[in-house]
**Q** 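Following this message is one structure expressed as structure tokens.
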Amino acid sequence: MQLSVIIPCYNAADTIGDQLQALSEQKWEQPWEVIVADNRSTDHSMQVVRKYFNKIENLKIIDAFEIKGVSYARNLGVQKANGEYIAFCDADDIVGENWLPVIGNALMKHDFVASRMDWGRLNNFSEYVLNAKVQTNGLIDFSMVDYLKHGGGGTLGIKKEIHNEIGGFDEKLDRLQDVEYCWRVQLKGYQLKFVPEAVIHIRAQNTDYKIFGQELKWAEYDVYLYEKYKAYGMPEFTIKQNIRSLYHVLLRIKNLFHSEKRTLWLIRLSLQVGRLKGMIKYRFLKMNL
């Protein structure tokens, strides 16, 4: 077995069939498998998965019940995997045409890779928003300071031995596990390679309210990661910088009433507000206003 595709799943009955259908259409000359890690689903997700047993030759379900969380489900999936290479994808996204052979071949050349995200197929974003979405032309920058880049957790591929070497995803983190995972791999000396030919169609939150809430929590955790990794070569970040950035966002408050620009403005607002929350929560001490 060369490649194991790991799909963490929690109550994804409405979407996981689309993902498995796309995987069933993939062709690669090397042997591969798909592992769905059921993380305490209470809907009929596994009934949907079982319908693909006769369409995907090496498809299996594992029970990831012990700990609630995507990191535990991914880590257990890797533990049960037979492949030398691991590729992660999510139950609510859809891999693109030829994604599997592209990511598999990439892992034969590189230690650690990330797919390209496509935000257009599964969402109704305007061109204005689409042009600002991440991981479409390269890896994702850390939003606070210039530091190591990362990829979304459901787009990554890695050699199994490297995943095991760093201890997998941090199961104690509630957010940004993928960012922290990418950093630990790179701090071990492995390069993260962007593979634009490997496309994954991403399903985003479908309302501005949900997008704002999600981005707010991510930005709050940015501060936690900064505090944890600032000793590893990060530039200094201050509250003064954040307040200045928040001020510039508020200057463009008229975008709140612009149908095309509203979503992106809310994302930028949530980034600054979330950081301020994180600075309070994690006792950020750089009070040099």
Side-chain angles (χ1 to χ4, degrees), residues 1 3-24 26 32-53 56 58-83 85-96 99-100 103 107 112-115 117 122 135 150-160 162-164 166-182 184-185 198 200-205 214 217-218 221:
M1 189 66 66
L3 177 67
S4 298
V5 178
I6 311 297
I7 306 176
C9 180
Y10 170 71
N11 288 353
D14 293 338
T15 58
I16 195 168
D18 293 335
Q19 181 66 286
L20 293 174
Q21 180 60 38
L23 285 167
S24 73
Q26 306 284 309
W32 54 281
E33 65 180 355
V34 176
I35 299 174
V36 177
D38 180 15
N39 192 219
R40 302 184 184 177
S41 295
T42 57
D43 64 1
H44 61 283
S45 295
M46 295 309 108
Q47 292 174 259
V48 176
V49 175
R50 291 185 184 96
K51 293 179 181 178
Y52 286 86
F53 280 159
I56 300 175
N58 297 305
L59 170 63
K60 61 183 177 182
I61 298 171
I62 62 169
D63 294 335
F65 295 163
E66 184 175 343
I67 300 174
K68 184 69 169 63
V70 65
S71 292
Y72 172 72
R74 286 176 178 152
N75 287 342
L76 188 62
V78 175
Q79 183 181 327
K80 301 294 185 180
N82 296 307
Y85 311 121
I86 303 295
F88 299 102
C89 59
D90 289 336
D92 57 347
D93 298 331
I94 300 177
V95 298
W99 170 82
L100 190 137
I103 207 75
L107 283 167
F112 189 32
V113 300
S115 304
M117 291 182 175
L122 301 180
Q135 208 169 321
H150 66 276
T155 72
L156 299 174
I158 192 168
K159 290 181 178 177
K160 184 177 180 180
I162 298 174
H163 173 93
N164 292 334
I166 68 159
F169 288 90
D170 188 340
E171 296 171 10
K172 295 179 181 179
L173 284 181
D174 292 332
R175 299 283 189 281
L176 303 187
Q177 305 96 329
D178 46 4
V179 180
E180 199 266 352
Y181 179 86
C182 288
R184 276 190 289 120
V185 174
I200 296 184
H201 304 286
I202 304 298
R203 195 185 308 270
Q205 298 288 354
Q214 183 182 62
K217 293 175 181 176
W218 287 345
Y221 256 73

**Q** Has the side chain of S71 got a donor or acceptor atom that lies under 3.5 Å from a matching backbone atom of E171?
**A** no
**Q** Looking at side-chain heavy atoms only, is the closest gap between R184 and D170 below 4.5 Å?
**A** yes
**Q** Given side chains that start at C-beta, do those of W99 and V5 come closer than 4.5 Å, heavy atoms only?
**A** yes
**Q** Are L173 and Y221 packed together at the side-chain level, in the sense that at least one heavy-atom pair is separated by less than 4.5 angstrom?
**A** yes
**Q** Using modelled atom types only, decide if a donor and an acceptor are shared between the side chain of D38 and the backbone of A64 within a distance under 3.5 Å.
**A** no
**Q** Please give me the minimum heavy-atom distance between A81 and I35, naming the atom from each residue.
**A** CA-CD1, 3.5 Å
**Q** N164 and K160: side-chain contact (heavy atoms from CB on, under 4.5 Å), yes or no, with the steps?
**A** CA-CA 6 Å; N164 292 334; K160 184 177 180 180; 3.8 Å; yes
**Q** Would you find a donor on one side and an acceptor on the other, under 3.5 Å apart, between the side chain of N58 and the backbone of E33?
**A** no
**Q** Output yes when a side-chain donor or acceptor of Q135 lies under 3.5 Å from a complementary backbone atom of G152, and no otherwise.
**A** yes
**Q** Can you tell me if NZ on K60 sees more than 12 non-hydrogen neighbours from other groups inside 6.0 Å?
**A** yes
**Q** Under the salt bridge (charged side-chain N to carboxylate O under 4.0 Å, His left out) rule, what pairs show up with a residue in residues 63-75, not counting sequence neighbours?
**A** R74-D90
**Q** Are T42 and N11 linked by a side-chain donor-acceptor pair shorter than 3.5 Å?
**A** yes
**Q** Backbone N or O of Y10 within a donor-acceptor pair of the N39 side chain at under 3.5 Å?
**A** no
**Q** Does M46 reach the side chain of I61, with side-chain heavy atoms less than 4.5 Å apart?
**A** yes
**Q** Can you tell me if Q26 uses its side chain to pair, donor with acceptor, with the backbone of L100 under 3.5 Å?
**A** yes
**Q** Using atom types as modelled and distance alone, determine if a side-chain donor or acceptor of R203 lies under 3.5 Å from a backbone N or O of D92.
**A** yes
**Q** Is the shortest side-chain heavy-atom distance between Q21 and I94 below 4.5 Å?
**A** no
**Q** Output yes when a side-chain donor or acceptor of N82 lies under 3.5 Å from a complementary backbone atom of M1, and no otherwise.
**A** no
**Q** I need the I158 CD1 to I166 CD1 distance, nearest 0.5 Å.
**A** 5.5 Å
**Q** Could you check if a side-chain atom of K80 sits within less than 4.5 angstrom of a side-chain atom of S4, using non-hydrogen atoms only?
**A** no
**Q** Evaluate the criterion side chain to side chain donor-acceptor pair (under 3.5 Å) for residue pair H150 and Y181; output intermediate values, then yes/no.
**A** CA-CA 8 Å; H150 66 276; Y181 179 86; over 6 Å; no
**Q** For the residue pair W32 and L23, what are the closest heavy atoms and their distance?
**A** CH2-O, 3.4 Å
**Q** Considering all heavy atoms of both residues, which atom of V36 and which atom of C9 are nearest to each other, and what is their separation?
**A** CG1-CB, 3.9 Å
**Q** Show the nearest heavy-atom pair for residues Q19 and V95, with the distance to one decimal.
**A** OE1-N, 2.9 Å
**Q** Mind checking whether L156 and C182 have side chains closer than 4.5 Å, heavy atoms only?
**A** yes
**Q** Can you find a heavy atom in the side chain of E180 that is under 4.5 Å from one in the side chain of F169?
**A** no
**Q** Compare every heavy atom of A87 with every heavy atom of I103, then report the nearest pair and how far apart it is.
**A** CG2-CB, 4.2 Å
**Q** Could you grab the distance from atom CG of D178 to atom OG1 of T155, nearest 0.5 Å is fine?
**A** 8.0 Å
**Q** Please round to the nearest 0.5 Å and tell me the distance separating atom NE2 of H201 and atom CG of D18.
**A** 11.5 Å
**Q** Is S45 reaching over with its side chain to a backbone N or O of A12, donor-acceptor style, under 3.5 angstrom?
**A** yes
